[in-house]
Structures are given as structure tokens and as C-alpha cells.
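Note that the coordinates shown come from a computational prediction; the quantities given were computed from them, not determined experimentally. Because only heavy atoms are used, hydrogens play no part in the values below, and waters and symmetry mates are left out as well, while side chains stay in.
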Amino acid sequence: GTEYMPSLKGVILFIETDDFGGEHAAFEFERDLQSLLHLPDAKLIQGIVLGRFQKGSGLDLAKIRYIFWFGFFAKILGTPSSSIKMSNKL
């Protein structure tokens, strides 16, 4: 985050990833997401919508669920992981 980073207050994030990272794409996605969620106003994010993930990224529904369910996501937003609602429509 720099002074050029827009505020996250009230935003809905639309997130996708490509396969440019090759075998490391899943790790890069998680790292980038965690970097974003560690910003000071991350608690003000209203929602996250996941877009398409390139097949070459190695991210499937199970890995995406793992990143959001067991990652720092719930801790950063102060939400118990049991209350996160996820759709199977990915």
C-alpha cells in the first residue's frame, strides 16, 4: 500500500488469476490476496467475487476454498471461518 492505493472502504473485490506463474500461480495468488487483506482498511471490504481461474494456474475449487477457509481471511476480517458463505458456482 502506497498513497496511490485506493480505499477499500465499502468495495466489492472482483478477483481472478492467470497462469503466468506456472506451477507457482496458486502460491502467488494466495500471497497477493494476503497482501491485500493485510492493508489497514481491509476490514472495510464488503465482499469478494471470484472470477475465472486459468486451468494452468493449478487453482481448483478445493484449493480456492482452502485459501479462504483456512487462510488468514477469516482472521483478518474478524469472522469465524464457520460463518463464511461460499458458493459452489465457480
Side-chain angles (χ1 to χ4, degrees):
T2 69
E3 70 263 17
Y4 302 106
M5 177 68 183
S7 172
L8 298 175
K9 182 180 180 181
V11 302
I12 298 175
L13 298 178
F14 290 81
I15 301 175
E16 294 184 322
T17 194
D18 55 36
D19 58 359
F20 292 135
E23 65 185 46
H24 303 290
F27 297 109
E28 289 181 18
F29 171 75
E30 183 173 14
R31 182 189 65 215
D32 292 345
L33 178 64
Q34 295 306 325
S35 294
L36 184 65
L37 295 176
H38 279 86
L39 292 172
D41 57 352
K43 291 183 179 186
L44 303 174
I45 295 171
Q46 292 296 304
I48 297 177
V49 176
L50 299 176
R52 295 175 59 190
F53 289 79
Q54 300 289 322
K55 290 181 181 179
S57 72
L59 282 162
D60 57 17
L61 183 57
K63 288 180 183 174
I64 294 168
R65 282 182 177 271
Y66 182 86
I67 288 169
F68 281 92
W69 192 261
F70 295 107
F72 287 41
F73 182 71
K75 294 175 187 170
I76 290 170
L77 296 181
T79 306
S81 60
S82 59
S83 69
I84 296 174
K85 301 200 178 10
M86 288 189 259
S87 170
N88 287 326
K89 298 178 182 179
L90 246 122

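- Grouping the Ile, Leu, Val, Met, Phe, Trp and Tyr side chains by contacts below 4.5 angstrom, directly or via other members, places V11 with I15.
- When all heavy atoms are compared, the tightest approach of S57 to A25 is O-CB, 3.4 Å.
- In terms of the side chain to side chain donor-acceptor pair (under 3.5 Å) criterion, D18 has no residue partners (sequence neighbours excluded).
- In this structure, CG on L39 lies 8.0 Å from CD1 on I45, to the nearest 0.5 angstrom.
- With hydrophobic clusters built from ILVMFWY side chains whose heavy atoms lie under 4.5 angstrom apart, M5 shares a cluster with I48.
- Between L59 and E30 there is no side-chain heavy-atom pair separated by less than 4.5 Å.
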(request) Any chance you could lay out the side-chain contact (heavy atoms from CB on, under 4.5 Å) test for L36 and L8, step after step, and finish with the verdict? (result) CA-CA 10 Å; L36 184 65; L8 298 175; 4.3 Å; yes
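- The two residues F53 and L50 have their closest heavy-atom pair at CE1-CB, 4.0 Å.
- Put simply, the side chain of D60 gets close to the backbone of K63: a donor and an acceptor are under 3.5 Å apart.
- In plain terms, the two heavy atoms of E16 and R52 that are nearest each other are OE2-N, 3.1 Å.
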(message) Applying side-chain contact (heavy atoms from CB on, under 4.5 Å) to Q54 and T17, what does each step give before you reach the verdict?
(response) CA-CA 7 Å; Q54 300 289 322; T17 194; over 6 Å; no
